[in-house]
Amino acid sequence: MVDSAFSHAGSAGPGDFRPMLDSLTSALKSQIAAATEATSGLRVDDPVIDVPRDLAHADLACPVAFDLAKRIKTATGEKRAPRDLATAIVGWLQEPGRLPAGIARLDVAGAGYVNVFLDRAAILAALVAGSPMTTTDGAEKVIVEHTSVNPNKAAHIGHLRNSVLGDSIVRILRAAGHRVEIQNYIDNTGVQVADVVVGFLHLEPHTLDEIKAIPDPFDYYCWDLYSRVGVWYRDGNAEGRENPEKLALRAEAQHAIESASGPIAEMAEYVAMRNLEALLRTMYRLGITYDVMPRESEVLQSNFWSDAFEMMKAAGSIHYEADGKHAGCWVMRAEEADASTDDDDFAADKILVKSNGLVTYAGKDIAYHLWKLNRIDRDFSYRRFHEYPDGHVVWITTPDPSAGETDHARFGHGDRYINVIDVGQSYVQDFVKKGVMSVANDPKVAASTHLDYEKVGLTVAACDDLGLPLADDERKRTFIGMSGRKGRGVKADDLLDMLEQNALAEVRSRVEKMNYPEDEQAAIAHTIAIGAVRYFLLKFSRNAVIAFDLKEALSFQGEAGPYIQYSAVRLNSIFAKLRDAGVDLDDPLGRLGRDRVTELLAAEENADFWPVVYLCAQLPETLARTAAGLEPSIIARYAFQAAQLTNEFYHRHQVRNETDADRQALMIAIIGLVQRTLVDALATLGIDVPERM
RNA sequence: GCGCCUGUAGCUCAGUUGGAUAGAGCAUCGGCCUUCUAAGCCGGUGGUCGCAGGUUCGAGUCCUGCCAGGCGCGCCA
């Protein structure tokens, strides 16, 4: 396998590919385990194998001898020097037939490291021959729910983090071979929609026709109205007390909306769906699409909730409170252990049905998740909501079965679900999962997760840049929370507009050199803007609070998406120039032959070739770690690292002007590999590489 | 009160199951564009890894305690 590029370059199909570094490492592990047993009588299973910080030490390092020495001492009391143990292990491994293919030699270093040097030419050849992305077609269906923005106003960058994170998880899972369905839950019956309706009814009275006549951006209009309603409830003082009479109007609207009939419900329906259309447009700018959008109204009206309710009653996991603080409610009781937190201020139990009969979000969510895993014996009716330019259709649930269309894929029926929801909702999500478990105690539920992530806040500097007013005590804080009620936040479309404008300016500044036409300029600027915002939101680990800094988010330099895109684009340029010069780009490794490649890689002047190749070899393992941790920042940082090596390589070596034909051929193989690695890694983040920029 | 998260360079953050000399970006100082795109490259400055114990051949990483900050615990979602 490892030398396929020399024997039949380029012929390896996706089917016969295995990530060679991973399989090499696991083969090596089991051989080292065997070596420990053979040389000491004690077996160390699954020994640690590291990539050393400094590749001059080795390609792989194994500190197993330290572990072994400890175990020997524990077992027999005998003190053995790790270095002697390592020497014995290396001696055993070097016997013929014991080393996995792809390893050149072993060494003992330091106090007892087993150092491994790879057959670098073989690794390079295998990489060039195969796609580093796994292509297995798994049968498991994963339902990823993300975005789920209240459809009552424009999305801000906090919502964007959710969507970009979720969308990247989708791409990563698909790259890892999973079938994925993307769901965007629409909370069209909640308080937030009701508040905008209250605004249209009482704060600035509009008829439905007048609302329909409001020009786009409608979601911006609602953004302002929503924040004004928040102040209006407090009689004009944002920090004041809510006026009960006005709150009654909200409750009235909510009830009307839940009843799903009458002019108020009709207005809410229009407001929610028009905001949803705006949301889909915003998300599509970032390349984010959905498969199906279940609406809360249908979860209620199509009796998903009542089914779940009965199931939980039968399971005894929900209780009616006849008296006490929660009199008249149906609650899920907290665990014994948690009940200790119950006091006057904090109730440990979770209310699923309020005393007025309305179902809380947690209750509806339980019903929704049971449906996702096919544990409720009914389905929604669906209609087409929107068709994307590539023909993909996003479906939405509809209350009217007769209006339903049936020519869609089978929705739901997941083997597990992943819900991208911010960490602030962990408490409720724990109850939701417990509720689902209580009636569907199976591995599908256990394997399902609430994928949590921290909030996006604003820096004081960002608020000043954006002209958002701050109170004096707020100026001392490290970040300022966004607030829809206060209308404080950076709208997603505004950020994208700024990014595209900045990117276009950059593109235009080099129009003389690059000579691209107008329409290409805009397309490039768009791709760069998306690269910038997506990378910015993904480079932080999920549990890091992002203090949104406008300057940093708008930066195209350093650890930023456009930097990575640029490094890949430079490789495009090299290939373009090479083609112009008539250089043979076909099968460079095959032309050189294995021995010549080994010789070239070992040469002093080519010392910085191998680290580039080696990093590329680590893509599958990086992708696996990313998928296992559902942590896109891992592969985001990997891509940046690859881009750094690319730019260094670009600067140090002139591929086009290289006079040694063999050396040039090797360089061509390497930059081809790096380019594909960059493109593949960025693809999992939803970032494209333009042809030029 | 209870629970979760965080504390690493001036700032923002990485740091795989404990492994060899703790990294990156930004900022700052100094170099590099008649040479495949300077959205770049090279170099300098910058660290008691919150504090104190403990485990270990080895701790930023594991354990205990403490300090500081953030979030959550609603008949909102």
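Excluded from the calculations below are hydrogen atoms, water molecules and symmetry mates; all remaining heavy atoms, backbone and side chain alike, are included. Here is how names work: the chains are called A, B, and so on, in the same order as the sequence lines, proteins then strands, and each is numbered from 1.
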Subject >> Pairwise P distance, B:A77 and B:A14 [rounded to whole Å] >> reply: 33 Å

**OP:** Determine the Euclidean distance between corresponding C1' atoms of B:G53 and B:C41; express it in Å to zero decimal places.
**Re:** 47 Å

Original post:
Would you say the ring centroid of A:Phe556 lies under 6.0 angstrom from that of A:Tyr563?
Top reply: no

Subject >> Distance-only donor-acceptor test (3.5 Å): side chain A:Arg637, base B:A24 >> reply: no

Original post:
According to the Watson-Crick and G-U wobble definitions, with both distances under 3.5 Å, which nucleotide is paired to B:G43?
Top reply: B:C29

Subject >> Side chain of A:Asn115 - closest among B:C75, B:G19, B:A20 >> reply: B:A20

Original post:
Start at the 5' end of RNA chain B and walk down; is the nucleotide closest to A:Arg656 or to A:Pro47 reached first?
Top reply: A:Pro47

Subject >> Atom-pair distance (NZ on A:Lys153; C1' on B:A77), nearest Å >> reply: 10 Å

**OP:** Can you figure out which of B:C13, B:A20, B:A77 approaches the side chain of A:Glu296 most closely?
**Re:** B:A77

Original post:
Across the strands shown, which category fits A:Glu648 at heavy-atom distances under 4.0 angstrom: base, sugar-phosphate, nothing?
Top reply: sugar-phosphate

Original post:
Looking at B:U37, B:C5, B:A77, which one has an atom nearest to any side-chain atom of A:Asn150?
Top reply: B:A77

Subject >> Side-chain H-bond candidate by donor/acceptor type, A:Asn572 with A:Arg692, under 3.5 Å >> reply: no

**OP:** Report the distance from atom CG of A:Leu499 to atom NE2 of A:His526, rounding to the nearest 0.5 Å.
**Re:** 11.0 Å

**OP:** Please work out which of the three classes, parallel, tilted or perpendicular, describes the rings of A:Trp305 and A:Phe309, given edges at 30° and 60°.
**Re:** parallel

Original post:
Between B:C5 and A:Lys455, is there an OP1 or OP2 to side-chain N/O distance shorter than 4.0 Å?
Top reply: no

**OP:** Report yes if some heavy atom in the side chain of A:Ile89 is under 4.5 Å from a heavy atom in the side chain of A:Thr36; otherwise report no.
**Re:** yes

Subject >> Complementary nucleotide for B:G1 - Watson-Crick or wobble, under 3.5 Å >> reply: B:C73

Original post:
Do the side chain of A:Arg625 and the base of B:U16 come within less than 3.5 angstrom through a donor-acceptor pair of N or O atoms?
Top reply: yes

Subject >> Whole-angstrom distance between B:A9 and B:G72, as gauged at atom C1' >> reply: 32 Å

Subject >> Close side-chain approach of A:Val423 to A:Lys455, heavy-atom, < 4.5 Å >> reply: no

Original post:
Are any of A:Arg53's side-chain N or O atoms less than 4.0 Å away from OP1 or OP2 of B:A20?
Top reply: yes

Subject >> Minimum-distance nucleotide to A:Tyr563 side chain [options: B:A20, B:G40, B:C57] >> reply: B:G40

Original post:
Among B:C76, B:U37, B:C75, which is the nearest nucleotide to the side chain of A:His326?
Top reply: B:C75

Subject >> Residue-phosphate contact under 4.0 Å: A:Ser426 side-chain N/O, B:G72 OP1/OP2 >> reply: no

Subject >> Pairwise C1' distance, B:A59 and B:A52 [rounded to whole Å] >> reply: 15 Å

Subject >> Identified pairing partner of B:A68, criterion: Watson-Crick or G-U wobble below 3.5 Å >> reply: B:U6

**OP:** Choose from B:U17, B:C41, B:A20 the nucleotide whose nearest atom is closest to any side-chain atom of A:His651.
**Re:** B:C41

Subject >> Same-atom distance (C1') from B:A24 to B:G46, integer angstrom >> reply: 14 Å

Original post:
Would you say B:A77 has OP1 or OP2 under 4.0 Å from some side-chain N or O of A:Tyr361?
Top reply: no

Subject >> Given B:A39, B:C41, B:G25, the nucleotide with the shortest approach to the side chain of A:Asn647 >> reply: B:C41

Subject >> Distance, C1' atom - from B:G19 to B:G60, rounded to whole angstrom >> reply: 13 Å

**OP:** Syn or anti for B:C33, please, going by whether the chi angle lies within 90° of 0.
**Re:** syn

Original post:
P atom, B:C33 versus B:G50: distance in rounded Å?
Top reply: 43 Å

**OP:** Kindly point out which of B:A39, B:G19, B:U16 is positioned nearest to the side chain of A:Glu621?
**Re:** B:U16

Subject >> Under-4.0 Å side-chain N/O to phosphate OP1/OP2 contact, A:Gln425 with B:C76 >> reply: no

Original post:
Say you pick atom P in B:U56 and the same atom in B:C63; how far apart are they, in whole Å?
Top reply: 16 Å

Subject >> No-hydrogen, no-angle side-chain donor-acceptor test under 3.5 Å, A:Asn162 and A:Tyr453 >> reply: yes

**OP:** Choose from B:G25, B:A39, B:C5 the nucleotide whose nearest atom is closest to any side-chain atom of A:Asn543.
**Re:** B:C5

Subject >> Minimum-distance nucleotide to A:Glu552 side chain [options: B:C75, B:A38, B:U12] >> reply: B:U12

Original post:
Got a donor-acceptor pair under 3.5 Å from the side chain of A:Ser355 to the base of B:C75?
Top reply: yes

